[in-house]
S.K.: 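Have a look at the structure that comes next, please.
Since we're looking at a predicted model, the values are computed, not measured. Letters A, B, ... are given to chains in the order of the sequence lines, protein chains preceding strands, and every chain is numbered from 1.
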Amino acid sequence: MNLEQILTPQVIAAVKELYGVDATDQQIQWQKTRAEFEGDITLVVFPFVKLARKAPQAVAQEIGDKLMADGTGLVAKCNAVQGFLNLCIDQSYYINQLKAIAADEHYGHFPYPNAKCKNGKCKNDQMLMMVEYSSPNTNKPLHLGHVRNNLLGYSIAKIQEANGWKVVKTNIVNDRGIHICKSMLAWLKFGNGETPESSGKKGDHLIGDYYVRFDKEYKAQIAGLMAEGMDEETAKKEAPLIKEAQEMLRRWEANDPEVRSLWAKMNEWVYAGFDETYKQMGVSFDKIYYESNTYLEGKAEVEKGLAAGQFYRREDGSVWADLSKDGLDEKLLLRADGTSVYMTQDIGTAKLRFQDYPIDKMVYVVGNEQEYHFKVLSILLDRLGFPFGKELVHFSYGMVELPNGKMKSREGTVVDADDLMAKMIEDAKEISKDKVNTLQGITEEETNEIARKVGLGALKYFILKVDPRKNMLFNPEESIDFNGNTGPFIQYTYARIRSVLRKAVSASTLSGEAGLSLDPKELALIRRLMDYPSVVRQAGEEFSPAVVCNYAYALACDFNSFYHDCSILNEPDENKRALRLLISQTTARTIADAMSLLGIEVPERM
RNA sequence: GGUCCGGUAGCUCAGCUGGAUAGAGCAACAGCCUUCUAAGCUGUGGGUCGCGGGUUCGAAUCCCGCCCGGAUCACCA
């Protein structure tokens with residue numbers, strides 16, 4: 001039970017006694033006391049001013065006097081400034097809270113709050129949330145946009161786990177379609193049998209190169225045709241290359257063995273490349289789906305819906321859903337030639353997933369450009385009887401933009417994920433060269449490991465600290481910071497604490513704390529630590545790793561300030577020293593936990 | 001045009017379930033290492049919170065209108 005929960009009923013009682021009115025929970029507003037006033041927590045008394053028909057200051061004073069006279073001794077002092085009642089809480093309360101936090105192995109995590117209730121009877125099963133993220137196309141390597149997606153998806157999964165959900169991380173790989181045929185065709189025509197082994201290229205990069213090559217050759221053909229007098233639109237349709245690619249797609253759909261085997265081979269190259277990237281990024285999946293396996297399932301679902309009268313068929317044979325009752329348009333589900341569209345595939349994927357897992361909540365981590373798609377998908381899944389359809393979450397995030405606009409794969413204006421991670425690790429290593437005194441006696445391997453954690457930490461924090469909904473800017477010309485409000489700053493704080501704890505000879509236990517008086521910096525830290533569970537809760541409700549970032553930063557700031565002012569190991573009073581060690585240890589643990597929710601590792605030294 | 005999202009310091013971003021004088025970091029400048037890691041700490045300067053109305057004791061925050069930027073409204077994914 002936190003401070004507000006303890007104090008709120010006391011305030012309600014005080015207001016009742018003083019003014020004979022029943023105050024509602026909503027009228028009780030707490031906020032942190034501003035630094036310039038004395039106190040730990042502040043009650044806003046404006047809501048009671050009318051009831052009391054007195055000046056705000058007088059009301060605040062009256063309530064404050066009542067709280068102090070309650071006999072518990074919790075409120076040690078108070079002062080009233082206008083309509084704000086600042087309360088000083090007895091220090092023993094904080095010390096007890098600190099001990100409780102230190103003793104709680106899973107502090108900030110909520111084990112099973114989401115008990116599944118059926119027929120009013122709770123079976124205490126854990127609710128299952130499936131989180132889809134990454135969802136790459138197999139025709140090009142991952143870029144910075146994917147990095148944001150992956151980091152957000154992974155972090156959200158961790159955050160929801162901390163909030164008590166059973167989370168299944170999933171990936172839907174878009175492995176079929178015209179895009180991969182383009183790469184395949186270009187490889188056949190211009191590849192001379194190049195393989196990842198023969199060229200030493202990562203498989204996804206190799207395929208990406210041929211995708212770019214296709215586009216280049218295709219554009220040349222279009223230009224050629226236009227020079228012969230054809231208009232642009234016709235030229236785009238008539239260029240031999242695009243026709244060949246389309247023909248290849250037809251052969252793929254017809255299960256042509258030759259095309260299928262090439263397709264399988266090239267996709268394997270891509271997956272090997274993706275696996276490397278995912279591993280370096282530190283993300284993982286519990287279950288991977290492939291569109292080549294789900295799109296037929298989608299067609300079947302649509303046919304079923306059609307038979308059930310949910311959808312209708314037009315004269316040309318195409319199948320549509322009428323969403324006008326939901327305030328939307330009509331939406332195509334199957335083309336006249338019977339082939340499926342994006343929506344059909346997503347329905348099929350949902351079907352398979354629901355067969356595989358008892359999904360209570362489905363979360364799609366997909367860019368905000370697809371908001372309309374998911375609005376439609378939600379309605380369609382609901383109509384088709386999927387329990388999670390209506391309440392599906394499209395975790396919609398903003399684009400990563402470069403100084404000159406959006407990234408475009410075909411135009412080569414992308415920031416490659418592998419390159420970027422390598423660059424960050426390299427930068428981290430460069431910076432660590434100046435730290436010879438703190439990193440002396442460490443093996444080359446350890447140094448590399450620290451650089452990896454720190455470099456990736458800088459990148460991840462840089463991306464995750466921004467509100468996911470917002471577009472964010474990345475300037476490749478300016479390197480990502482390692483100072484200030486950054487991942488490395490927080491990692492550094494952790495490493496500092498670990499260093500102190502290593503040097504602490506014995507873990508003396510805290511006793512006889514009655515006589516202890518808390519330093520303001522100690523108090524601030526304990527209060528910050530107390531906030532952690534509500535931060536985890538909020539991050540889960542809002543689907544926002546940024547909330548966790550802000551907290552981790554604030555916690556690190558509080559610690560550094562404390563560290564600067566208060567000596568830990570050199571504190572002569574044994575009891576005080578024990579308290580500070582306990583604060584330090586709890587802070588380190590909380591930093592590490594918060595960072596783990598972000599998918600960021602913390603080094604023991606740096 | 002309809003719908004959705006954003007506009008806060010020179011730059012990158014917090015704050016947005018209404019609360020006291022709008023916060024960080026970067027960049028600039030000035031201090032702090034014989035003492036637990038200086039990737040740190042302390043300080044200075046920097047703002048019509050896009051604009052205009054409204055709601056109220058109180059608005060960056062809520063409501064309405066407008067301006068600017070982005071996304072979306074495909075037999076693309």
S.K.: Would you classify A:E369 as touching base, sugar-phosphate or nothing, given that sugar-phosphate means primed atoms plus P, OP1 and OP2, and contacts are heavy atoms under 4.0 Å?
M.R.: sugar-phosphate

S.K.: Could you measure between the two P atoms, the one in B:C66 and the one in B:G1, and give it in whole Å?
M.R.: 11 Å

S.K.: Could you check how far CG of A:D434 sits from C1' of B:C33, rounded to whole Å?
M.R.: 16 Å

S.K.: Nearest whole Å is fine: how far is B:U37 P from A:N570 CG?
M.R.: 10 Å

S.K.: With syn defined as a glycosidic angle within 90° of 0 and anti as everything else, classify B:C33.
M.R.: syn

S.K.: Which nucleotide sits closest to the side chain of A:K435: B:A38, B:A14, B:C41?
M.R.: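 Nearest to the side chain of A:K435 among the choices is B:A38.
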
S.K.: Under 3.5 Å, is there any donor-acceptor pair linking the side chain of A:D467 to the base of B:C13?
M.R.: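 No, the side chain and the base share no sub-3.5 Å donor-acceptor pair.
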
S.K.: According to the Watson-Crick and G-U wobble definitions, with both distances under 3.5 Å, which nucleotide is paired to B:A20?
M.R.: none

S.K.: The side chain of A:N483 is closest to which nucleotide in this list: B:C26, B:U72, B:G19?
M.R.: B:C26

S.K.: Hey, are A:E291 and A:Q345 close enough side-chain-wise for a donor-acceptor pair under 3.5 Å?
M.R.: yes

S.K.: C1' atom, B:G15 versus B:C62: distance in rounded Å?
M.R.: 16 Å

S.K.: Only pairs with both distances under 3.5 Å count, Watson-Crick or wobble alike; so what is the partner of B:G69 in this structure?
M.R.: B:C5

S.K.: Just the rounded figure in Å: distance from P of B:U35 to NE2 of A:H564.
M.R.: 13 Å

S.K.: Can you see if the side chain of A:K465 gets near the phosphate of B:U12 - specifically, an N or O under 4.0 Å from OP1 or OP2?
M.R.: no

S.K.: Pick the P atom in B:U55 and in B:C64, then give their distance to the nearest Å.
M.R.: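 Looking at atom P only, B:U55 and B:C64 are 15 Å apart.
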
S.K.: Select from A:W320 and A:E401 the residue whose nearest nucleotide in RNA chain B is closer to the 5' end of that strand.
M.R.: A:E401

S.K.: Any N or O donor-acceptor pair linking the side chain of A:N86 to the base of B:A20 at under 3.5 Å?
M.R.: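 Such a pair exists between side chain and base.
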
S.K.: What nucleotide among B:G6, B:C73, B:A77 has an atom nearest to a side-chain atom of A:R469?
M.R.: B:G6

S.K.: Can you tell me if the side-chain N/O atoms of A:R335 get under 4.0 Å from OP1 or OP2 in B:C76?
M.R.: yes

S.K.: Which atom pair, heavy atoms only, marks the closest approach of A:S340 to A:R335?
M.R.: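 Minimum heavy-atom separation between A:S340 and A:R335: O-NH1, 3.2 Å.
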
S.K.: For the residue pair A:Y364 and A:F374, categorise the inter-ring angle as parallel (less than 30°), tilted (30 to 60°) or perpendicular (more than 60°).
M.R.: tilted

S.K.: Is the phosphate of B:U37 approached by A:K503 (side-chain N or O, under 4.0 Å from OP1 or OP2)?
M.R.: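 True: A:K503 side-chain N/O within range (under 4.0 Å) of B:U37 OP1/OP2.
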
S.K.: Ignoring the backbone of A:Y553, work out which of B:U37, B:G25, B:C13 is nearest its side chain.
M.R.: B:G25

S.K.: Can you tell me if A:R502 has over 12 outside heavy atoms packed within less than 6.0 Å of its CZ?
M.R.: yes

S.K.: Mind checking A:Q29 for me? I need base, sugar-phosphate or nothing, with any heavy atom below 4.0 Å counting as a touch.
M.R.: base

S.K.: I need the minimum non-hydrogen distance between A:P603 and A:Q491, along with the two atoms involved.
M.R.: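 So the minimum-distance heavy-atom pair works out to CD-CB, 3.7 Å.
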
S.K.: Can you tell me the Watson-Crick or wobble partner of B:C26, both distances under 3.5 angstrom?
M.R.: B:G10

S.K.: When we call it a touch if two heavy atoms are under 4.0 Å apart, what does A:Q370 touch: a base, just sugar-phosphate, or nothing?
M.R.: base

S.K.: Checking all strands, does A:F482 fall into the base, sugar-phosphate, or nothing category for heavy-atom contacts under 4.0 angstrom?
M.R.: base

S.K.: Output the single nucleotide from B:A14, B:U42, B:A71 whose closest atom is nearest the side chain of A:N368.
M.R.: B:A71

S.K.: Rounded to whole angstrom, note down the C1' distance from B:C33 over to B:C26.
M.R.: 24 Å

S.K.: Taking for each residue the nucleotide of RNA chain B bearing the nearest heavy atom, is the 5' side occupied by A:M399 or by A:A556?
M.R.: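 Final value for this comparison: A:A556.
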
S.K.: Taking only the P atom of each, what is the distance from B:G65 to B:C75 in whole angstrom?
M.R.: 32 Å

S.K.: Whole angstrom is fine here: how far is it from CG in A:L249 over to C1' in B:A77?
M.R.: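 Atom-to-atom, A:L249 to B:A77, this comes out as 13 Å.
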
S.K.: Using the C1' atom on both, measure B:C11 against B:C73 and round to a whole Å.
M.R.: 35 Å

S.K.: Under a 3.5 Å cut-off for both distances, is B:G47 Watson-Crick or wobble paired, and to whom?
M.R.: none

S.K.: B:C75 P sits how many Å from A:D316 CG, rounded?
M.R.: 11 Å

S.K.: Does the Lys NZ or Arg CZ of A:R148 fall within the cation-pi geometry relative to A:Y397 - under 6.0 Å from the ring centre and within 45° of the axis?
M.R.: no

S.K.: Taking atom types as they are modelled, is there a donor-acceptor pair under 3.5 Å from the base of B:A20 to the side chain of A:T42?
M.R.: yes

S.K.: Using the six-membered ring wherever Trp is involved, compare the ring planes of A:H373 and A:Y342 and label them parallel, tilted or perpendicular (cut-offs 30° and 60°).
M.R.: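 A:H373 and A:Y342: parallel rings.
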
S.K.: Is A:K375 near enough to B:C73 that one of its side-chain N or O atoms lies under 4.0 angstrom from OP1 or OP2?
M.R.: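 False: A:K375 side-chain N/O out of range (4.0 Å or more) of B:C73 OP1/OP2.
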
S.K.: Closer than 4.0 Å, any side-chain N/O of A:R496 to the OP1 or OP2 of B:A38?
M.R.: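 Yes, within the criterion.
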
S.K.: If we take the C1' atom in both B:A24 and B:C41, what is their distance in whole Å?
M.R.: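 The same atom, C1', in both gives a distance of 15 Å.
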
S.K.: Looking for any heavy atom pair under 4.0 Å, which part of the strands does A:V44 touch: base, sugar-phosphate only, or nothing?
M.R.: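 Result for A:V44 = base.
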
S.K.: Any carboxylate oxygen within less than 4.0 angstrom of a Lys/Arg side-chain nitrogen, looking at A:K433 and A:E430?
M.R.: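 Looking at A:K433 and A:E430, the cut-off is met.
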
S.K.: Among B:U72, B:G25, B:C26, which nucleotide has an atom closest to any side-chain atom of A:D481?
M.R.: B:C26

S.K.: Whole angstrom is fine here: how far is it from CG in A:N485 over to C1' in B:C11?
M.R.: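 That distance rounds to 15 Å.
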
S.K.: Just compare B:C13, B:A39, B:U42 and give me whichever is closest to any side-chain atom of A:S561.
M.R.: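 Output: B:U42.
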
S.K.: Which is true for A:V454 with a 4.0 Å heavy-atom rule: it touches a base, it touches only sugar-phosphate, or it touches nothing?
M.R.: base

S.K.: Where the side chain of A:R605 is defined as all heavy atoms beyond and including C-beta, which of B:U37, B:A20, B:A39 is the nearest nucleotide?
M.R.: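 Looking only at side-chain atoms, A:R605 lies closest to B:U37.
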
S.K.: Given B:C36, B:A20, B:C75, which nucleotide is nearest the side-chain atoms of A:V81?
M.R.: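 So the nucleotide nearest the side chain must be B:A20.
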
S.K.: From the set B:C41, B:A39, B:A77, return the single nucleotide nearest to any side-chain atom of A:M606.
M.R.: B:A39

S.K.: Could you state the atom-to-atom distance from CD of A:E541 to P of B:U17 in whole Å?
M.R.: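 Distance, rounded to whole Å: 14 Å.
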
S.K.: Any salt bridge linking A:D427 with A:K423? Criterion: basic side-chain nitrogen under 4.0 Å from a carboxylate oxygen.
M.R.: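 Yes, charged N to carboxylate O under 4.0 Å.
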
S.K.: Have a look at A:L473 and say if it touches a base, only the backbone sugar-phosphate, or nothing, with a 4.0 Å heavy-atom cut-off.
M.R.: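 Answer is sugar-phosphate: A:L473 comes under 4.0 Å of backbone atoms only.
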
S.K.: If I pick the C1' atom on B:C5 and the same atom on B:A9, what distance separates them, to the nearest angstrom?
M.R.: 24 Å

S.K.: Does A:Y342 make a side-chain N or O approach to OP1 or OP2 of B:A77 shorter than 4.0 Å?
M.R.: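 A:Y342 to B:A77 OP1/OP2: no side-chain N or O under 4.0 Å.
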
